[in-house]
Amino acid sequence: MTSVAGILRVAIAAPVSTPFDYSAPVGLDGPTPRPGQRVLVPFGRGRRVGIIIAMPTASPVPAERLKPVMAILDDEPLLTENDLGFLLWAADYYRYPLGEALFSALPTRLRRAVPTGSGGRQGWRLTSQGRAGCPETLARAPKQAQVWERLRGGSGAVPSSELTADLGDCSAALRALARRGWVEPCRIAPCAVAGERSLADHGPVLNPEQRAAVEQVRAAFGRFQPFLLDGVTASGKTEVYIRLLDDLLAAGGQALVLVPEIGLTPQLGRRLAARLNAALVVLHSGLPDAEREEGWRRAVRGEAGVLLGTRSAVLVPLPRLGLVIVDEEHDLSFKQQEGFRYSGRDLAVRRAQLAGCPIVLGSATPSLETLANVRSGRYRRLPLAQRAGGAGSPTVGLVDIRAQALQAGLSPRLLECIERELTADNQVLLFLNRRGFAPLLTCHDCGWISGCPRCDARLTLHRSSHQLRCHHCGLVRVPPVRCPHCGGPDLRALGQGTERIEEMLSRRFPGLPVARVDRDSTRRRGDLTDLLNAARRGEFRILLGTQMLTKGHHFPGVTLVGVLDADSGLFGTDYRAPERMAQLLIQVMGRAGRAERPGHVLIQTRHPDHPFLRVLLRDGYPAFAEAALAERRTAALPPFSHQVLIRAEASEAALAYDFLRAAARAAAVPFRDQVVLWGPASAPMERRAGRWRAQLLVQSPRRASLRGFLDHWIPVLKGLPTPARVRWAIDVDPQDMT
DNA sequence: AGCACGCCGACT
DNA sequence: GTCGGCGTGCTC
């Protein structure tokens, strides 16, 4: 241990799990170093951006080996001590490199060594030399001339984002003009953003359950308390959120609202903006970088009253956080599936705890984890059992499609019902969780199947784009005209995808407007919103789509919901498959009969007697969940135990296995009675994108035991002689075993 | 992650 | 005899 004045402990943007110590620059003028500021530091023979996480008085590294930081990049800390505490906790919990976890909370530009001033937006203005400059000298530099004109036309400084929006990328031109001394970068002070409450819109009158829910959460303002807003579809959860947000904003707090998918932000955003007297900021990965950065700044400076976003928004610093809302909390999209594998929902709970504020988890189909927390008394349940607006629950029928003459997967009974609803001028929603035309192509002569050469999967036929595509590795091929194996001419597309259903419907009901909603039909930004709006206006008679269509969208004119294939979820390898299937079915069923017209749901299955389906449809989701929880308890599965998955992949299967076997052997004896190791076993999809994948599951009834074990085990794993080309990663609380 | 250092095959 | 393959280890 050495003692030196001015040690900076820095988390570096590199895949290392420990911070590095540097000495503070002495005699260098500039901002005083403080935790939360970014620094530029020498690292190896290069340089790195890092974030000061602490200023210790002593370092384990000898003073003479401490290098001085090269620059302090921010005048003011970007992250407060609280933000740092939260993010460092998250990095530790999910065993992810410190610096990378911290930088994932910052806009991408700030991951590079660009300095920032103390606030405001980055902009450019003319120097006195530039104002006096004559355009003739720019005759041969049209882009520079454009930029110069734009800056001269504006009053004072122009934000970079505006320049880019008007003129495209002008960074090169700006650099050239700066060299001439005509322009200089500057900061532009933010202008206050006013609330946009449309009228004196106070919304509908709350029913007693909604009022009770609002009251309970409001009573918890200012302290940590998780709530489960357990509301059947159409029970008015959003209205409860709005009242709570309104109250919190009136008290001067900031709120964080998380939704599982980008597609849900426009709709909820519009509703919140219309009703709340505060600036709303929307953040998700679908926005351009500049826009994200601007939103991030408004959130961090406290200008945003409400931050609405997808899981990554949980990492954004909010100085006056007073309420967290996680809508559709059961949704698996909250778990990041690569890199920093955090759960947005679980981190939201931790954040609320650190901020000392209530958190509301909303769902019609709560996750078993959350239900277990309700039972243990950690979370408080706020039931909303009544459908708002007096809509009745839909009637549900199972259609046994064994030995039925199907038309593109639709049974006669379903077709009949569709026809009846169409005649009555109603809308129909059909759900099939498979995009493309057909999930495989096969040769009728020799039995060849369109397998992916890089994955254990079939190539899906996309007929409109004339492609065979692998949905797992992205491989694209032109469909063969003759069998690649035997040369036979009789290639057949087997099975149903949304494209094929669409084609069948257009043949069966010529001229009928059908909206297909899947990842292929909503490629571009705004496509989904446009389609959904048109659907809501009644421009389509049939809505056909994948999961996309089921998540939180309202279609008041839909009176019939058809589930084309309920069986795919019944026999999954994952123990969570039934839970997911149940949530999906309940969610899709909730799309029917939301307005004054009663709804019907028809579910096609080849297993009408399957116990899961029967319990779910006869007794409802709560009964299903209770049975599922009982089974989990018996089997000692989550939420009654805790898991960590080590995933390994390599160009050869044996390499991944060897690594995991060595990893299992390296688990020290003292932990053997606290944790159980399962495997190594091959991943459910063993080959993916040309790599062989295996995994090792670690399980313990006690979270603390598991953490203690990992503290010991992970350093050992890192020291293991890793066979060539083996990539491995740790997944804490894995949600998906694929 | 970079980028070194460090031991085994085809070339002036 | 060297140039260079990428395997292993370090960076305050």
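Residue numbers begin at 1 in each chain, while the letters A, B, ... track the order of the sequences.
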Check: Can you list the residues that meet the ring pair (Phe, Tyr, Trp, His ring centres under 6.0 Å) rule with A/Tyr657, with sequence neighbours excluded?
Finding: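 Once residues adjacent in sequence are excluded, A/Tyr657 has no partner under the ring pair (Phe, Tyr, Trp, His ring centres under 6.0 Å) criterion.
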Checklist line | Atom-to-atom span, CD1 of A/Ile12 to C1' of B/dC3 - whole angstrom | finding: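 Those two atoms, CD1 and C1', are 15 Å apart.
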Next item on the list: Send over the distance from A/Lys718 NZ to B/dA1 P, rounded to a whole Å.
Entry: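 So the NZ-P distance, A/Lys718 to B/dA1, works out to 12 Å.
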Margin query: Tell me whether A/Glu369 contacts the main-chain N or O of A/Pro639 through its side chain, where contact means a donor paired with an acceptor under 3.5 Å.
Written below: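 No, the answer is negative, given that no donor and acceptor are paired below the 3.5 Å cut-off.
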Check: Would you find a donor on one side and an acceptor on the other, under 3.5 Å apart, between the side chain of A/Arg693 and the backbone of A/Met685?
Finding: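 Yes, A/Arg693 side chain to A/Met685 backbone: donor-acceptor pair under 3.5 Å.
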Margin query: So for atom CZ, which belongs to A/Arg320, do other residues, nucleotides or ligands contribute more than 12 heavy atoms lying within a distance under 6.0 Å?
Written below: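 Counting other residues, nucleotides and ligands, CZ of A/Arg320 exceeds 12 neighbours.
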Next item on the list: Establish, yes or no, whether the cationic atom of A/Arg351 lies under 6.0 Å from the six-membered ring centre of A/Phe86 and within 45° of the ring axis.
Entry: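 Flagged: A/Arg351 positioned over aromatic ring of A/Phe86.
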Notebook entry, point to check: Between B/dA1 and A/Arg48, is there an OP1 or OP2 to side-chain N/O distance shorter than 4.0 Å?
Noted result: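 Checking A/Arg48 against B/dA1: no side-chain N or O falls below 4.0 Å of OP1 or OP2.
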Please tabulate the protein-to-nucleotide N/O contacts below 3.5 Å involving nucleotides 10-12 of chain C, giving atom names and distances.
residue : atom : partner : partner atom : Å
C/dT11  : OP1  : A/Arg65 : NH2          : 3.1
C/dT11  : O3'  : A/Gly44 : N            : 3.3
C/dC12  : OP1  : A/Pro42 : O            : 3.4
C/dC12  : OP2  : A/Lys67 : NZ           : 2.4
C/dC12  : O3'  : A/Asp21 : O            : 2.9
C/dC12  : O3'  : A/Lys67 : N            : 2.6
C/dC12  : O2   : A/Asp21 : N            : 2.7

Item checked: Comparing A/Arg45 and A/Glu100 on DNA chain B - which has the more 5′ nearest nucleotide ->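 The answer here is A/Glu100.
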Item checked: Listed partners of A/Asp327 passing salt bridge (Lys or Arg N to Asp or Glu O under 4.0 Å), at least two apart ->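 Listed in chain order: nothing, the list is empty.
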